[in-house]
There are 2 protein chains.
Amino acid sequence: MATAEAPGFRPLYIQVKDLLIKRLVSGDWRPGQVLPSEIKLADEFNVSQGTVRKALDEMASVNVLVRRQGKGTYVAAHTHHRALFHFFHLIGEDGSRVLPESRVLGTRHRGATRKAAERLSLAPGAPVVIFDRVRSLDGRPTVFETIVVAESMFPGLGRPPRDMLPNTVYEYFEQEYGVTIVNAVERVRAAAAGKREARLLDLAPGAPLLVIDRVAFGLERRPVEWRLSRCDTSRHHYLSEIE
Amino acid sequence: MATAEAPGFRPLYIQVKDLLIKRLVSGDWRPGQVLPSEIKLADEFNVSQGTVRKALDEMASVNVLVRRQGKGTYVAAHTHHRALFHFFHLIGEDGSRVLPESRVLGTRHRGATRKAAERLSLAPGAPVVIFDRVRSLDGRPTVFETIVVAESMFPGLGRPPRDMLPNTVYEYFEQEYGVTIVNAVERVRAAAAGKREARLLDLAPGAPLLVIDRVAFGLERRPVEWRLSRCDTSRHHYLSEIE
DNA sequence: GAGTGGTCTAGACCACAGC
DNA sequence: CTGTGGTCTAGACCACTCG
């Protein structure tokens, strides 16, 4: 290490970070596991502890790692808590957060539509797996959700014995396929409920729905999942914190 | 400095940060101005440069300061760019970001409703200033917005010669009143357009609208503004980035 | 007590902006 | 050339966790 190049100038701690991410992606360390201590990593990479620290801090700041004083640095794992506080933004009027129950309506294997291909950076027609499900809050159907992923990234998904989808999808992706979701972009709009949506969500056709179009990205910043959520926001709202 | 207490244990750099924020709030340094260099601040506070650096970095990470290598550390100022990229989330289908033109419909001075009081942490009935305006994107009316602030925080606002509201409100708050908005919480939902909304936005009554209920906070983390935006999202969408 | 991350220091050198 | 922030190092000490 300790080599600086002419053109780019990549700081050491960035290089260390890249190496660490490579090892995460390769599965050297699994979610929930503890990394070697700062000192050991510094020795291994032949840099100072402070440099390793800066790399680890950056990764912790984007929730890829979790640091615990006195214990160690852990690979962040998708838990119910994380699903609830980072990736599920529908909350009650009183501010309560509850993960909805999910009921899968059906699973299809198709070629990617033009839109799906665009969202997932695939070739049109590339094989994808599609799930439809209804999620209920307080026992009432509240979200009608369509989830699309590339079959190439999740072989066997949606076929026995993997034909069911658990409630917390990202946890499942991580544990079964080693695919970790780290961030997402959501496009939100209001639309009138169609017949199917109205029936599934127990609403009148034409009722206003909040439509969330989400693309979720993995550790390497490539799109992994496309999700369309149509939400009845008469008893909940979508929370967005800006700073 | 350099004193540590028994109960709390406040790291030095946090104490430095608190002092810096105090001086920002008091108006010692105005938005857009340069702070003293790290070395000078370190001398002043009798701490090392690294400690000042950590305090400054934290403030930069929440957009209170802006650091420019080779130049200095600046107090973040609300600019059109910041309004556009941090506080305005309606973007076109192609991803284009445009700040809408605004037309103020009216200004009222009232006592805070129960809801306004709750949002702004005021006593019910406390004097507030209310603006209604319509914002247009691409020449089409797209957002009907109601803005509520406490009169005590903005004396004279909405009365001559300050009876008009510029397009970029936070810039105005900052320059005219020294009140800096640093973060906000938005509650988003879908609702059907009422008669007035439909008329103002050139829609059919009952058309689905995106309703954004925003509370914006100042440097001291106290609520400053409550804003209700009803948006026609047929040609735009609300963008939310999660990580 | 041993080991971990967290804070603080002091100093060297690098990249960048501007005179 | 000077001054700024950015990187990197080495070492000391503190707070926390656990056996």
Side-chain angles (χ1 to χ4, degrees), chain A residues 1-21 24 29 31-77, chain B residues 1-21 24 29 31-77:
Chain A
M1 185 84 42
T3 55
E5 279 70 40
F9 174 58
R10 278 184 94 57
L12 257 186
Y13 73 91
I14 300 278
Q15 300 177 40
V16 169
K17 194 171 75 166
D18 289 346
L19 288 174
L20 290 171
I21 288 180
L24 281 178
W29 302 306
Q33 283 186 350
V34 70
L35 264 61
S37 72
E38 293 178 352
I39 307 239
K40 282 179 195 138
L41 288 172
D43 282 353
E44 179 179 342
F45 294 132
N46 271 300
V47 298
S48 79
Q49 186 183 357
T51 300
V52 169
R53 163 173 294 274
K54 186 148 185 177
L56 294 176
D57 280 345
E58 281 213 353
M59 295 169 74
S61 78
V62 294
N63 303 307
V64 171
L65 299 178
V66 176
R67 315 200 73 190
R68 286 197 259 266
Q69 185 174 168
K71 301 187 71 175
T73 301
Y74 296 78
V75 184
Chain B
M1 186 80 46
T3 56
E5 280 72 39
F9 174 59
R10 277 184 94 60
L12 257 185
Y13 74 90
I14 299 278
Q15 301 178 41
V16 169
K17 195 171 76 165
D18 289 345
L19 287 174
L20 290 170
I21 288 180
L24 282 177
W29 303 306
Q33 284 186 348
V34 191
L35 264 60
S37 72
E38 293 178 353
I39 306 242
K40 282 180 195 136
L41 288 172
D43 282 353
E44 179 179 341
F45 293 133
N46 273 300
V47 299
S48 78
Q49 187 183 355
T51 300
V52 169
R53 163 173 293 274
K54 186 147 186 178
L56 294 175
D57 281 345
E58 282 215 351
M59 294 168 74
S61 77
V62 295
N63 304 306
V64 171
L65 300 178
V66 177
R67 315 199 74 187
R68 285 198 260 265
Q69 184 174 170
K71 301 187 72 177
T73 301
Y74 297 77
V75 184

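Residue numbers begin at 1 in each chain, while the letters A, B, ... track the order of the sequences.
- Between Phe45(B) atom CZ and dT9(C) atom P there is a gap of 13 Å when expressed in whole angstrom units.
- Side chain of Gln33(A) to backbone of Val75(A): no donor-acceptor contact under 3.5 angstrom is found.
- Note on the helix from dG1(C)-dC18(D) to dG18(C)-dC1(D): terminal axis deviation equals 10°, with five pairs used at each end and the result rounded to 10°.
- As a whole-Å value, the separation of Lys54(A) NZ from dC8(D) P is 8 Å.
- With dA17(C), dC8(D), dT9(C) as the choices, the nucleotide that has an atom nearest any side-chain atom of Lys71(B) turns out to be dA17(C).
- Picking from dT9(D), dT7(D), dG5(D) the nucleotide with the shortest atom distance to the side chain of Phe9(A) gives dT7(D).
- Remark: P of dA15(C) and CZ of Arg10(A) are 15 Å apart, rounded to the nearest angstrom.
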Output, in order, the C-alpha distance, side-chain angles, deciding distance and verdict of side-chain contact (heavy atoms from CB on, under 4.5 Å) for Val64(A) and Leu24(A).
CA-CA 9 Å; Val64(A) 171; Leu24(A) 281 178; 3.6 Å; yes

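- Each of Ile39(A), Val34(A), Leu41(A) was evaluated against Ser37(A); a single residue qualifies, Ile39(A), per the side chain to side chain contact (heavy atoms under 4.5 Å, CB included) test.
- One atom, CG of Leu56(A), and another, C1' of dT4(C), lie 12 Å apart when rounded to the nearest Å.
- In this structure, Gln49(A) atom CD and dC13(D) atom C1' are separated by 12 Å, rounded to whole Å.
- Between Val52(A) and Gln69(A), the one whose closest nucleotide on DNA chain D sits nearer the 5' end is Val52(A).
- Side-chain proximity of Ser37(B) to dT9(D), dT4(D), dT9(C): nearest is dT4(D).
- Both the sub-6.0 Å distance and the 45° axial angle are not jointly satisfied by Arg67(A) relative to the ring of Tyr74(A).
- Residues Leu65(B) and Leu56(B) have side chains in contact (heavy-atom distance under 4.5 Å, counting atoms from C-beta outward).
- Nearest to the side chain of Thr51(B), among dG6(C), dC8(C), dG6(D), sits dC8(C).
- Look at OH on Tyr74(B): it is 9 Å from C1' on dT4(D), rounded to the nearest Å.
- Taking CG of Asp18(A) as the reference point, atom CD of Gln15(A) lies at 8.0 Å (rounded to 0.5 Å).
- For Glu38(A) (side chain) and Val52(A) (main-chain N/O), no donor-acceptor pair under 3.5 Å exists by modelled atom type.
- When distances run from any side-chain atom of Lys40(B) to the nucleotides dC8(D), dT4(D), dG6(C), the shortest one goes to dT4(D).
- Between the C1' atom of dA15(D) and the CZ atom of Arg68(A) lies a distance of 17 Å, rounded to the nearest Å.
- You'll find that the side chain of Val47(B) is closest to dT9(C), out of dG5(C), dG5(D), dT9(C).
- With dG5(C), dA10(D), dA17(C) as the candidates, the nucleotide lying closest to the side chain of Arg53(A) is dG5(C).
- Here Tyr13(A) reaches the OP1 or OP2 of dT7(D): one of its side-chain N or O atoms lies under 4.0 Å away.
- Within the 4.5 Å cutoff, side-chain heavy atoms of Pro36(B) are placed close to those of Trp29(B).
- A sub-4.0 Å separation between OP1 or OP2 of dT4(D) and a side-chain N or O of Thr73(B) is absent.
- Atom P of nucleotide dC13(C) and atom CD1 of Ile39(B) are separated by 15 Å, given to the nearest angstrom.
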